[in-house]
2 protein chains.
Amino acid sequence: MLAPVHDQRFGLGRTVRLAEPVPLASGQSLDGVAIAYETYGTLAADGSNAILICHALTGDQHVASPNPRTGKPGWWERLVGPGKPIDPAQHFIICSNVLGGCSGTTGPGSMDPTTGRTHAMRFPVITIADMVTVQARLLDHLGVEQLQAVVGGSMGGMQALSWAAQFPERVRAVVAIASAARHSAQNIAFHEVGRQAIMADPRWASGNYTSDDAPAAGLAVARMAAHITYLSEQGLTERFGRRLQNRAALGFGFDAEFQVESYLRHQGLTFTERFDANSYLYITRAMDYFDLAAPHDGLLTTAFAPAATAGTRFALISFTSDWLYPTAESKRIVRALHGAGASTSFCELESPHGHDAFLLDAPEMNRIVAGFLNGLAER
Amino acid sequence: MLAPVHDQRFGLGRTVRLAEPVPLASGQSLDGVAIAYETYGTLAADGSNAILICHALTGDQHVASPNPRTGKPGWWERLVGPGKPIDPAQHFIICSNVLGGCSGTTGPGSMDPTTGRTHAMRFPVITIADMVTVQARLLDHLGVEQLQAVVGGSMGGMQALSWAAQFPERVRAVVAIASAARHSAQNIAFHEVGRQAIMADPRWASGNYTSDDAPAAGLAVARMAAHITYLSEQGLTERFGRRLQNRAALGFGFDAEFQVESYLRHQGLTFTERFDANSYLYITRAMDYFDLAAPHDGLLTTAFAPAATAGTRFALISFTSDWLYPTAESKRIVRALHGAGASTSFCELESPHGHDAFLLDAPEMNRIVAGFLNGLAER
C-alpha cells in the first residue's frame, strides 16, 4: 500500500491506496482504490475497542475534527469526541469517505490509472455493499479484525446494517439511526429528480466537466429538493413560517422573498462548493439500489441470520418527524431482527427536526448510544 | 368586449377580452386581459344555477369536455358532466383559465399590446385575488350576478375561498377541496425548487425564450419534483414499489431502471408539451403569496366574516394521505368559519392517493358535493 495520496478534487486527510483490486456487486472490479479516512484514539492491545462510523450521502471522513477544506467542525461532534458517547479516550474511532465519494476516496472524479483521465461516468455503478467491502479493506490495513460497533445514520445506517449481513463475524454490534433496509419508491423518486436536475445542466456535459466549469446550477437544484426531505413541515413552519426576508411587505417579484427561499438557495449554493455532481449521481444510485433483503429472496430475516448466530447486537433509533426514513422502516428491521433471534433494542425519539435530527442536538440519542456501547463493553 | 381571440401559445376555446384594465394586488394594472373559458348548461331565468369551477396550478378551462389541443378528457369529468354532481342539465357551469395561465387567458406568454412583444418576465406578479378579480369580470360578461357555488380543489380551492372573502354577496356557497387558506413554508420551498430548476435552464434566458426553444429540461425537473408532492409514499409504494422497468435485474447504470423513475420522467416530459415555463413561475408565485388572513391582521375569521353575514355556506373536504394540503389546513379553515358563524360542513376522506385524490375516482367526494349542492337548491 502507498500512503498518502491526494488525487481527488476534494482530497484531504489520510489516504491509503489498495494494492489489490476490489470486486464490485456489478461484476466489475476497481483497481488502485484510494481510501481517505480519519482515526481518533488508539486501538486496544486486544483489538476490542474499534468503532467504525459510516457517513451519510454528502458526509465525509471528518466526523470528529474540522474539515480541513471548509474549516467546519466534524459533522458528528455531538456524538463523537472527547467526553461524548463515542470517545477517543475509550474507543479507536475510524471514519472513511465512501467509495464513489469526493473527499479523497476513489470516485468518479478520481483519475483512472488505466486511462490517465478522470473516470467521470465511466466509473462503475457501485452499491452500499461495495462501500462496505472497501471499508473492510481499510480495517485490514489498520489491523482491526473485529469492530466493537459500526455506527451510522441515514446512508451510514445502511452501511452499518450491510456490515452485519456481509461480515457478521467482524462486527459485534450495529447502531443504525434514521435509516432503512431498503430505499422506498418515494425516496428513489426524489433522488431521480436530483439526478435529472444535474443531467439537465448543460455544464454536466455527460459527466465530462472540469472543476472550473462544473454543473453547479443543476447540483444546487438537486440539493434544494433533497434538503426539503431532510427537514419536516413542522420544523420548516417553526423556523421560517411565511416570514419575509429583509422586507416588510411582499415585493411582487422573483427574488428570494420568503426566508425559506433564501435559506434553500443558500443550501444549494454552498453545497456546490463542497460536493461533486458525478459523486452525487453515483451515491444516490447506490442508495436507490439498496435493498438488504433482495439477495435473500426478499426475506430480511435471512439477511440477518448469520449476524444473529454470531451474536451481533443491534440498536435502532428513529425520529417521529423523519418522513424520509420513517419509523415504519426501522420497525421493519426490528421485526426481521427479532425473527432472526438477534439481540435488538429500538427507540423512536420525539423530534420536530425531521431526518436531520440525527445530526442535531439529540441528548436522548446520545444517552441511548452511550448506554448501548457501555452494555457491550461490560459483556 | 371582443371575442374570440387566440393570442396564447396554448390558446384554445372561447375567449373574451376585457375592455377595462384590471387593477392588481401589486398596485399595477393590466390592460386588454383576455379570458379563455368554457361553459356547460344554461343559465336559469332567475340566474340561480351558476357554478364556477376553479382549476389547480396546471389545469385549464376544459373541466368537462376534451382539451382540444391534447385530446384528453376534461380534467374533472368525474365530478362535472351529465349525471354527475355538477350537471349541465341542472347547472350553468363556468370554468376559465386563470390569469397568468397558458391556455388562452392572458399570462406571461401573451402579447403585450403596448410593446408588441410577449410579456415574458415583464408580466406583473399576480395573486390568487387577482385571478378571482378576473373571474368576476367574466361573470359580468356572462350576466351572472351571483354564483350558486364556486368549487375548486388545490389552488382551485384557494380561489373558491378567496371568492368568499372578496365577493361575499356574489357567492352563495363555497366548496374547497384538498386546499388551504395559506401556503406553508414547505410548500413555498417545493415551489422554489421548481422555479430554480426552470431558471437554471440556460434556455429560460431570463424568460425571453421562444416556444421552439423553451426551457423544457428545467420545466420537466420542476414538474417531477412537484409530482412527488401530489402523491403519497403509500401510493407510490403500492403502485411502483421497487419494481424494475423492463428488466429482470439491476442494470448498474443511469437509465430509468425503476418503474417509478420511468413514470416520473414521463410526467416531466409530457408536462413540457402542454405548459409554459413562465406561467409556471407566475402561478407558483401566486400560490406562495396566498395567505387569506394576511390582509386581516392574520385573523382568518375576519376574512370570512362578511361571507358569514351574507349567509354563504361552506363545504370543505380533505384526504387522509394528502401531505401537500393536509387535513390540518382544512381544519384551520373550519375553525375560522365556525368563529365567523358561517354554515360549514367538513369531511376528511380516506384515500391512499395523496393530494391527487381529488382528481381521481372519489365516490364519497362526489356524494358530499352532490348532497351539499342539493341542500342549497332546496333552501
Side-chain angles (χ1 to χ4, degrees), chain A residues 24-28 121 124-127 182-193 195-197 199-202 217-218 220-221 224-225 227-228 231-233 236-237 239-243 250-254 256-261 263-265 268 281 285 288-289 291 294 323 326, chain B residues 24-28 121 124-127 182-193 195-197 199-202 217-218 220-221 224-225 227-228 231-233 236-237 239-243 250-254 256-261 263-265 268 281 285 288-289 291 294 323 326:
Chain A
L24 302 174
S26 65
Q28 295 188 259
M121 298 304 285
V125 168
I126 50 153
T127 66
R182 65 174 173 205
H183 227 217
S184 72
Q186 183 170 282
N187 288 356
I188 294 170
F190 274 117
H191 274 175
E192 177 64 3
V193 169
R195 287 190 294 264
Q196 291 295 316
M199 292 177 169
D201 188 333
V221 170
M224 288 172 66
H227 198 80
I228 300 173
L231 308 176
S232 73
E233 176 170 14
L236 280 164
T237 296
R239 187 159 168 193
F240 303 109
R242 297 182 47 82
R243 283 190 292 281
L250 295 172
F252 293 94
F254 288 93
E257 292 192 37
F258 294 98
Q259 288 180 9
V260 68
E261 291 178 296
Y263 169 79
L264 261 196
R265 289 189 190 184
L281 298 178
R285 202 52 163 163
D288 291 351
Y289 273 21
D291 183 358
W323 57 282
Chain B
L24 302 174
S26 64
Q28 294 189 258
M121 298 305 285
V125 168
I126 50 152
T127 66
R182 65 175 173 203
H183 227 216
S184 72
Q186 183 171 281
N187 289 356
I188 294 170
F190 273 118
H191 274 175
E192 176 65 2
V193 169
R195 286 190 294 263
Q196 291 295 315
M199 292 177 170
D201 187 333
V221 170
M224 288 172 65
H227 198 80
I228 300 173
L231 309 175
S232 73
E233 176 170 13
L236 281 164
T237 297
R239 186 158 169 195
F240 303 109
R242 295 181 49 82
R243 284 189 292 281
L250 294 173
F252 292 94
F254 288 92
E257 292 193 36
F258 294 98
Q259 288 179 10
V260 68
E261 291 177 296
Y263 169 78
L264 260 196
R265 288 189 190 185
L281 299 179
R285 202 53 164 163
D288 291 351
Y289 273 21
D291 183 358
W323 56 282

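Labels below follow one simple rule: chain letters A, B, ... track the order of the sequence lines, proteins then strands, and each chain is numbered from 1.
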Less than 4.5 Å to any heavy atom of chain B: does that hold for the side chain of A/Arg265, its backbone, both, or neither?
side chain
Within-4.5 Å side-chain heavy-atom neighbours: B/Glu192 and A/Phe258
no
Heavy-atom distance under 4.5 Å to chain B: side chain of A/Pro124, backbone, both or neither?
neither
Checking heavy atoms, do the side chain of B/Thr127, its backbone, both or neither come under 4.5 Å from chain A?
side chain
Minimum heavy-atom distance A/Ala185-B/Gly241, with the two atoms named:
CB-O, 3.3 Å
Option that, when pairs with chain A are counted at under 4.5 Å, heavy atom only, ranks first among B/His191, B/Glu233, B/Gln28
B/Glu233
Quick one: pull up CD in B/Gln186 and CZ in A/Phe240 and give me the separation to the nearest 0.5 Å.
12.5 Å
With rounding to the nearest 0.5 angstrom, report the CD1 to CG distance, B/Ile188 to A/Leu236.
10.0 Å
Top contributor to chain A interface from B/Arg242, B/Gln259, B/Met199, B/Gln196 [non-hydrogen pairs under 4.5 Å]
B/Arg242
Let me know if B/Val125 has heavy atoms under 4.5 Å from chain A in its side chain, its backbone, both or neither.
both
Which residue out of B/His183, B/Glu261, B/Met224 racks up the most heavy-atom pairs below 4.5 Å with chain A?
B/Glu261
Considering all heavy atoms, the nearest B/Leu231-B/Trp323 contact
O-NE1, 2.9 Å
Using non-hydrogen atoms only, which part of A/Arg195 is less than 4.5 Å away from chain B: side chain, backbone, both, or neither?
side chain
Ring geometry between B/Tyr289 and A/Phe252 (parallel below 30°, tilted from 30 to 60°, perpendicular above 60°):
perpendicular
Donor-acceptor check, side chain of A/Arg285 to backbone of B/Gly253, threshold 3.5 angstrom: yes or no?
yes
Chain A contact via B/Asn187 - side chain, backbone, both or neither, heavy atoms under 4.5 Å:
neither
To check you understand the geometry: which heavy-atom pair defines the closest contact between B/Ala197 and B/Val221, and what is its length?
CB-CG1, 3.8 Å
Contacting moiety of B/Leu281, where chain A heavy atoms sit under 4.5 Å:
both
Which bit of A/Glu257 comes within less than 4.5 Å of chain B, counting heavy atoms only: side chain, backbone, both or neither?
both
What heavy-atom pair brings A/Ala225 and A/Val193 nearest, and what distance separates the two atoms?
CB-CG1, 4.5 Å
Checking B/Phe190 against chain A: side chain, backbone, both or neither under 4.5 Å from a heavy atom?
both
Under a 4.5 Å heavy-atom cutoff, which of A/Ala25, A/Ala217, A/Ala256, A/Ser26 has the most pairs with chain B?
A/Ser26
Whatever's closer than 4.5 Å to a heavy atom in chain B on A/His227 counts as neither
Which one, B/Ile228, B/Leu264, B/Asp288, leads in non-hydrogen pairs under 4.5 Å with chain A?
B/Ile228
Quick one: does A/Arg243's side chain have a donor or acceptor within less than 3.5 Å of a partner on A/Val260's backbone?
no
Chain B heavy atoms under 4.5 Å from A/Asp291: which part of the residue, side chain, backbone, both or neither?
both
